[in-house]
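Worksheet for the structure shown next.
What you see is a predicted model; the values in this text were computed from it and never measured. Position 1 is the first residue of the sequence; numbering continues from there.
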Amino acid sequence: MARNVLKVAPGLALIAAGAAHAAADRLAVAPGGYTPMKPTPGKGMPVDGGLTFQTQYSPTGLEALWMHDHIVMTVLIATTLFVLALLVWVMVRYNSRANPVPSKTSHNTLLEVIWTGIPVLILLVVFVPSMKLLAHQFKTPPKEALTIKAIGNQWYWTYAYPDNGEFEVTSNMLSHEEAVKRGEPPQLAADNRMVVPVGEPIRLQTTGADVIHSFAVPSLWFKLDAVPGRINEKVLFVKEPGVYYGQCSELCGARHGYMPIVVEALPRPQYNAWVMTHAGAKIDGAPEAPAAAPAAAAAAPAAEAASGTEVAAAASSGE
């Protein structure tokens with residue numbers, strides 16, 4: 001029994017040390033401050049001649065892309081080829097020359113059962129992974145998840161960071177010349193990005209300040225409407241550091257096509273360094289500073305004691 005305890009204790013110590021290390025990493029600030037990340041060509045953005053979805057960098061995106069490529073497309077291609085084969089067979093076998101006397105059969109119970117049952121089975125094959133994907137996309141974020149708010153305006157985005165000191169960042173589209181100068185795709189680049197930590201769940205909330213907007217980033221498989229007077233919420237998880245581009249995908253007025261979304265995902269220390277460039281910012285999860293009131297209350301007895309000592313000394317000298 002004692003040996004087992006000795007074996008378990010080091011394991012628990014390692015787990016505790018790992019947890020402490022992870023907590024320290026979460027609060028670490030990268031030296032040198034914040035430098036905007038340069039985008040990687042073809043990553044997190046549309047590409048010339050692209051035929052399918054963008055490469056995915058989120059868990060739900062990878063799941064959805066797998067479902068599209070291996071289930072939906074397989075069913076679609078197989079059904080299309082099967083129907084085409086039936087049409088060709090009917091045209092060859094039952095044309096007027098090959099079959100001058102047409103059949104007068106009006107019902108075939110077996111055929112009706114088959115062409116009703118097979119589509120039902122196909123729908124079930126697609127239904128099960130679809131429901132799993134929906135459940136994963138709208139899974140409740142963990143309690144300790146960082147909260148970021150995306151507010152749609154005509155025609156720009158505002159990003160609020162309530163867990164990092166409640167500062168806000170306003171994001172407008174860059175001009176064509178400025179985007180090219182910075183090495184970013186025109187009409188997708190913004191002056192200020194929505195910066196997020198990589199590799200951890202983020203509670204992303206959306207709302208609209210005027211009309212309905214929609215926060216959509218295709219390479220992260222993320223789309224959530226921003227409705228005035230309502231808070232929508234969904235988990236955003238980015239697997240790799242990078243710059244990911246999106247756009248408002250709800251028709252919201254004359255300049256609907258000119259309010260891009262730029263998500264910059266950084267490792268935690270670099271994200272914390274970006275946070276600390278804003279006035280009044282704090283690192284989420286860091287212990288709060290001691291309240292002023294308890295400190296003042298603790299100092300009061302000491303002050304009273306010092307005052308009493310001074311009075312006693314004055315009385316003694318008077319004698």
Side-chain angles (χ1 to χ4, degrees), residues 30-70 72-73 137 146 148 150 152 155-159 169-202 204 206 213-224 234-250 255-275 277:
Y34 164 73
T35 302
M37 179 181 288
K38 292 187 177 297
T40 302
K43 179 180 180 179
M45 65 181 75
V47 296
D48 292 339
L51 295 177
T52 183
F53 296 106
Q54 295 182 24
T55 303
Q56 295 299 305
Y57 296 93
S58 70
T60 53
L62 292 172
E63 181 181 353
L65 191 60
W66 178 89
M67 176 184 166
H68 172 269
D69 292 346
H70 295 87
V72 175
M73 289 303 295
Q137 288 187 84
L146 173 69
I148 301 175
W155 288 273
Y156 61 94
W157 291 94
T158 302
Y159 305 122
V169 175
T170 300
S171 179
N172 288 280
M173 189 182 80
L174 289 177
S175 65
H176 186 282
E177 295 75 15
E178 185 63 24
V180 172
K181 181 180 177 181
R182 296 190 186 188
E184 300 191 57
Q187 205 165 319
L188 288 176
D191 55 355
N192 292 307
R193 300 166 174 173
M194 187 182 87
V195 182
V196 303
V198 73
E200 61 182 78
I202 298 160
L204 185 57
T206 61
H213 303 273
S214 188
F215 187 93
V217 184
S219 60
L220 301 178
W221 202 268
F222 193 96
K223 183 177 184 294
L224 193 62
K234 195 175 173 183
V235 174
L236 173 67
F237 191 103
V238 187
K239 291 175 64 68
E240 296 181 15
V243 182
Y244 306 93
Y245 295 90
Q247 287 179 307
C248 174
S249 60
E250 185 73 41
R255 293 185 60 80
H256 157 68
Y258 301 93
M259 49 184 301
I261 299 162
V262 186
V263 177
E264 181 178 351
L266 297 173
R268 240 314 163 161
Q270 282 76 15
Y271 170 77
N272 290 340
W274 174 82
V275 166
T277 62

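The environment of OH in Tyr156 is sparse: at most 12 heavy-atom neighbours from other residues, nucleotides or ligands sit within 6.0 Å.
Distance check, rounded to the nearest 0.5 Å: SG of Cys248 to CZ of Arg255 gives 13.0 Å. The distance from atom CG of Asp69 to atom OG1 of Thr52, rounded to the nearest 0.5 Å, is 5.5 Å. Taken to the nearest 0.5 Å, the CD atom of Glu178 stands 4.5 Å off from the CZ atom of Arg182. For the atom pair Asn172 CG and Trp157 CH2, the distance stands at 12.5 Å (nearest 0.5 Å). Put simply, CD on Gln270 and OG1 on Thr35 are 9.5 Å apart, with the number rounded to the nearest 0.5 Å. Atoms CD1 and CG, from Ile202 and Leu236 in turn, are 5.0 Å apart once rounded to the nearest 0.5 Å.
Closest approach of Ala265 to Met37, counting heavy atoms only: O-CE, 3.9 Å. Across every non-hydrogen atom of Val235 and Pro201, the tightest pair is CG1-CB, 3.9 Å. Ala216 and Lys223 get closest at one heavy-atom pair: CB-CG, 3.9 Å. Heavy atoms only, all atoms of each residue included: Ser171 and Asn192 are closest at OG-O, 2.6 Å. Summarising the geometry of Leu188 relative to Pro46, their closest heavy-atom pair is CD1-CD, 3.7 Å, with the distance given to 0.1 Å. Between Leu220 and Thr60 the shortest heavy-atom distance is O-OG1, 4.4 Å.
The closest donor-acceptor contact from the side chain of Gln56 to the backbone of Pro218 lies under 3.5 Å. With hydrogens and angles disregarded, a donor-acceptor distance shorter than 3.5 Å links the side chain of His70 to the backbone of Trp66. No donor-acceptor pair closer than 3.5 Å links the side chain of Arg193 to the backbone N or O of Ile261.
For the pair Pro267 and Pro241, the minimum side-chain heavy-atom distance is below 4.5 Å. When side chains are defined from C-beta on, Gln137 counts as touching Lys234, because their heavy atoms get closer than 4.5 Å. A heavy-atom distance below 4.5 Å is found between the side chains of Met194 and Val196. At a threshold of 4.5 Å between non-hydrogen side-chain atoms, the residues Val217 and Phe215 count as touching. Put simply, the side chain of Ser219 does not reach to within 4.5 Å of the side chain of Met45, judged on heavy atoms. Between Met173 and Gln187, some side-chain heavy-atom pair lies under the 4.5 Å cut-off. For the pair Val243 and Thr40, the minimum side-chain heavy-atom distance is 4.5 Å or more. Within the 4.5 Å cutoff, the side chain of Tyr271 has heavy atoms near those of the Leu146 side chain.
Both tests do not hold together for Lys43 against Tyr244: distance to the six-membered ring centre under 6.0 Å, angle to the ring axis within 45°.
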Glu200 and Arg268: CA distance, side-chain angles, deciding distance, side chain to side chain contact (heavy atoms under 4.5 Å, CB included) verdict: CA-CA 9 Å; Glu200 61 182 78; Arg268 240 314 163 161; 3.1 Å; yes

From CA spacing to verdict: side chain to side chain contact (heavy atoms under 4.5 Å, CB included), Val72, Met67: CA-CA 6 Å; Val72 175; Met67 176 184 166; 4.1 Å; yes

Evaluation steps, side chain to side chain contact (heavy atoms under 4.5 Å, CB included), between Val195 and Leu266: CA-CA 7 Å; Val195 182; Leu266 297 173; 3.6 Å; yes

Phe53 and Trp221: CA distance, side-chain angles, deciding distance, ring-ring contact (aromatic ring centres under 6.0 Å, His included) verdict: CA-CA 9 Å; Phe53 296 106; Trp221 202 268; 5.2 Å; yes

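Electrostatic pairing of Glu184 and Lys38 does not count as a salt bridge here, judged by no charged N lying under 4.0 Å from a carboxylate O. Taking a cutoff of 4.0 Å between a charged side-chain nitrogen and a carboxylate oxygen, Glu177 and Lys181 do not qualify as a salt bridge.
Side-chain atoms of Tyr245 and Gln54 include no donor-acceptor pair closer than 3.5 Å.
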